[in-house]
Protein chains: 2
Amino acid sequence: MPNLDKSLIADLPVFAGMTPDDLGDILKEAQSIRYPKGSSVFQQDEEAHSFFILLHGHLRVMKVTPDGQQVVVRFVNAGDLFGIAMAMARKTYPATATAVVDSLALVWPSAAWPRLVAKYPSLAVNTIQTVGSRLDDAHTRVVEISTQQVEKRVAHALLRLAQQAGRKSEDGIQIDFPISRQDVAEMTGTTLHTVSRILSGWEDQDLVESGRQKITIRNPHKLFMLAERPVD
Amino acid sequence: MPNLDKSLIADLPVFAGMTPDDLGDILKEAQSIRYPKGSSVFQQDEEAHSFFILLHGHLRVMKVTPDGQQVVVRFVNAGDLFGIAMAMARKTYPATATAVVDSLALVWPSAAWPRLVAKYPSLAVNTIQTVGSRLDDAHTRVVEISTQQVEKRVAHALLRLAQQAGRKSEDGIQIDFPISRQDVAEMTGTTLHTVSRILSGWEDQDLVESGRQKITIRNPHKLFMLAERPVD
DNA sequence: CGCTCTCTTTGCTTCAGGTCAAACAGTCTT
DNA sequence: AAGACTGTTTGACCTGAAGCAAAGAGAGCG
């Protein structure tokens, strides 16, 4: 296998402040792996053998409850560090990651982590920030689910998706990976039926345009107002 | 002020693997501050001037939404590291921390953090674990709120409180700080009325005993079964 | 091309839990 | 010990969203 190109990861926040030599050294321990659409990168409760950086594509991370209900924890986008369970002293992955489109990731064996962190302490410092911002997201989500009603939660979820994985098209911002009503429901703690009704309503108001596994926000500003406006 | 005693913090997970000398060095930069019951340690959106370790007492950490609704993020117990906003590269605290009983904390200026982390890299590594386990908690909470109904959520919340801050008394485990129905409601995404009704119900079954700002779990095992049993 | 699968829409019904309202009971104050 | 708070309980009512059911509609496949 040819050496991986440093430019792949040079601009990522996790590697902020590293020299090209450092990056080369870190990359030496990684391999890149393709994950075809639908395939799983790791499974909940599986031994945390590796950690990853997504180079290309999108993953859905979800948790399954003992009684089989699913909750989408987040979507992983290009550039994101993920599967760092062992950095948090976990033996297993707390969730399942599945490719929603053909994806490509850099993969390090978990065993490399302590070694890399010892050699490059800024890696740990940057990782605290990554994990911290995820903690923030999770808290925001708790606050939202606890205090807002479904329509506003769905609006927020869509706006967030648009920001993280939106692709501008001529008539709005489209989520650039296939996403179902069920997915949105699992992100917002509701049911696909309710999401479908809400999207239908928005479609009538020309707020969004949506079809099979596809959502385009036609009027982000109006959607934002809807998401933020007080219940009055 | 006399030097702070190393034994105060020697056993805390954040300082795992440090020598007594290291601890002394780290403590040099801290002061200890008393927070009387009801006083606030820091406020949401306030500049993150300090970070803390709680030596004694209990704090309630909560977020307030723009429209004034409150959500309890967590309770801080003795030994916990908290207020580490700046380690996550935040300029301000994301929530408000208030003493629910007279409390005592070690306080470092935020500016000390980069210095300490540079000198003691294991601090960063341990902090990842701390933040990681909080991320886990937050995700667990998202999953619970999204999938379980109120009674089970309240049961889980009480069991968690009992584990973190339970004091064994002759007839059960008592939460060892004053906690109101409103608090429990804000932990579980419901209303104080609903919590009151649920606790009344449990009282009738001798599952708990509760009064003004006080909750004792008389039958933890039965409560656990209630929390875990499928809806059938 | 037509069959099958999976995703989506929509109507109808139900109900958990929120809202509103009022009374009640510890605790603290003076 | 009377009054004022603050937290708790309970009843009556209402509604947002879940559950159930069934029909539609793209997309992929043989």
Side-chain angles (χ1 to χ4, degrees), chain A residues 36-38 60 65 67-72 98 100-102 144-155 157-158 175 177-205 208-216 226 231-232, chain B residues 36-38 60 67-72 98 100-101 144-155 157-158 175 177-205 208-216 226 231-232:
Chain A
K37 174 175 177 169
R60 180 180 48 231
T65 64
D67 56 307
Q69 297 194 77
Q70 296 189 345
V71 175
V72 171
T98 311
V100 292
V101 294
D102 288 351
E144 270 183 21
I145 305 187
S146 305
T147 64
Q148 304 184 332
Q149 52 192 59
V150 174
E151 189 174 26
K152 290 177 85 175
R153 304 208 301 264
V154 174
L158 251 49
I175 311 303
F177 55 82
I179 183 165
S180 70
R181 308 288 179 270
Q182 178 73 42
D183 291 329
V184 177
E186 287 175 10
M187 295 175 68
T188 51
T190 181
T191 63
L192 80 162
H193 304 276
T194 298
V195 172
S196 179
R197 278 181 245 271
I198 288 172
L199 289 184
S200 295
W202 289 348
E203 194 122 25
D204 294 345
Q205 304 168 244
V208 304
E209 186 187 323
S210 71
R212 191 188 177 82
Q213 310 226 78
K214 158 177 153 299
I215 303 176
T216 307
L226 194 154
V231 199
D232 78 337
Chain B
K37 174 174 176 170
R60 181 181 47 232
D67 56 306
Q69 297 195 76
Q70 296 189 345
V71 175
V72 172
T98 312
V100 292
V101 295
E144 270 182 21
I145 305 186
S146 305
T147 63
Q148 302 186 333
Q149 52 193 60
V150 174
E151 189 174 27
K152 289 178 84 175
R153 303 207 303 261
V154 174
L158 251 51
I175 311 304
F177 55 82
I179 183 165
S180 69
R181 306 288 180 270
Q182 178 73 41
D183 291 329
V184 177
E186 288 175 7
M187 295 176 68
T188 51
T190 181
T191 63
L192 80 161
H193 304 277
T194 299
V195 172
S196 179
R197 279 180 243 272
I198 288 171
L199 289 184
S200 295
W202 288 349
E203 194 122 23
D204 294 344
Q205 303 167 244
V208 304
E209 187 185 324
S210 72
R212 191 189 178 78
Q213 309 224 81
K214 158 179 156 295
I215 302 176
T216 307
L226 193 153
V231 197
D232 78 337

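Bear in mind that the values here come from a model prediction, so they are computed numbers and not experimental data. Order of the sequence lines sets the chain letters (A, B, ...), proteins ahead of strands, with each chain counted from 1.
- Under 3.5 Å, the side chain of His193(B) and the base of dT8(D) form no donor-acceptor pair of N or O atoms.
- At distances below 3.5 Å, not a single donor-acceptor pair connects side-chain atoms of Gln70(B) with backbone N or O atoms of Glu186(B).
- Spacing between atom CD of Gln149(B) and atom P of dA17(D) amounts to 17 Å, rounded to whole angstrom units.
- Note that CZ of Arg197(B) and OG1 of Thr190(B) are 9.5 Å apart. Values are rounded to the nearest 0.5 Å.
- The distance from atom CD1 of Ile175(A) to atom OG1 of Thr216(A), rounded to the nearest 0.5 Å, is 8.0 Å.
- Glu151(A) places its CD atom 17 Å from the P atom of dT15(D), with the value rounded to the nearest Å.
- Using a 4.0 Å cut-off, some side-chain N or O of Arg181(B) falls inside it from OP1 or OP2 of dT8(D).
- Atom CD of Gln213(B) and atom C1' of dT6(D) are 8 Å apart (whole Å).
- One interatomic measurement links the two molecules: CD1 of Ile145(A) to C1' of dG16(D), which rounds to 16 Å at whole-angstrom precision.
- Among the heavy atoms of the strands lying under 4.0 Å from Ser196(B) is at least one base atom, whether or not backbone atoms are also near.
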message = Show, in sequence, the C-alpha distance, side-chain angles and deciding distance for Ile179(B) and Val184(B), and conclude whether the side-chain contact (heavy atoms from CB on, under 4.5 Å) test is met.
response = CA-CA 7 Å; Ile179(B) 183 165; Val184(B) 177; 4.1 Å; yes
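- Remark: the backbone N or O of Gln148(A) is paired with a side-chain donor or acceptor of Arg153(A) at under 3.5 angstrom.
- Of the possible donor and acceptor atoms, none in the side chain of Asp102(A) sits under 3.5 Å from a partner among the backbone N and O of Pro36(A).
- Nucleotides of DNA chain D nearest to Gln148(A) and Gly211(B) differ in position, and the one nearer the 5' end is that of Gly211(B).
- Residue Arg153(A) places no side-chain atom within donor-acceptor reach of the base of dG16(D), judged by atom type and a 3.5 Å distance cut-off alone.
- Shown here is Lys214(A), whose NZ atom has more than 12 heavy atoms of other residues, nucleotides or ligands within 6.0 Å.
- Rounded to whole Å, the distance from CG on Leu192(B) to P on dG11(D) is 16 Å.
- Listed pair Thr194(A) / dA17(D) fails the phosphate criterion, with no side-chain N or O lying under 4.0 Å from OP1 or OP2.
- With a cutoff of under 4.0 Å to any heavy atom of chain A, the contacted region of DNA chain C is bounded 5' to 3' by dT6(C) to dC12(C).
- Residue Arg212(B) places a side-chain atom within donor-acceptor reach of the base of dT6(D), judged by atom type and a 3.5 Å distance cut-off alone.
- Atom CD of Glu186(A) is separated from atom P of dA17(D) by 18 Å (rounded to the nearest Å).
- One atom, CD of Gln182(B), and another, P of dT6(D), lie 14 Å apart when rounded to the nearest Å.
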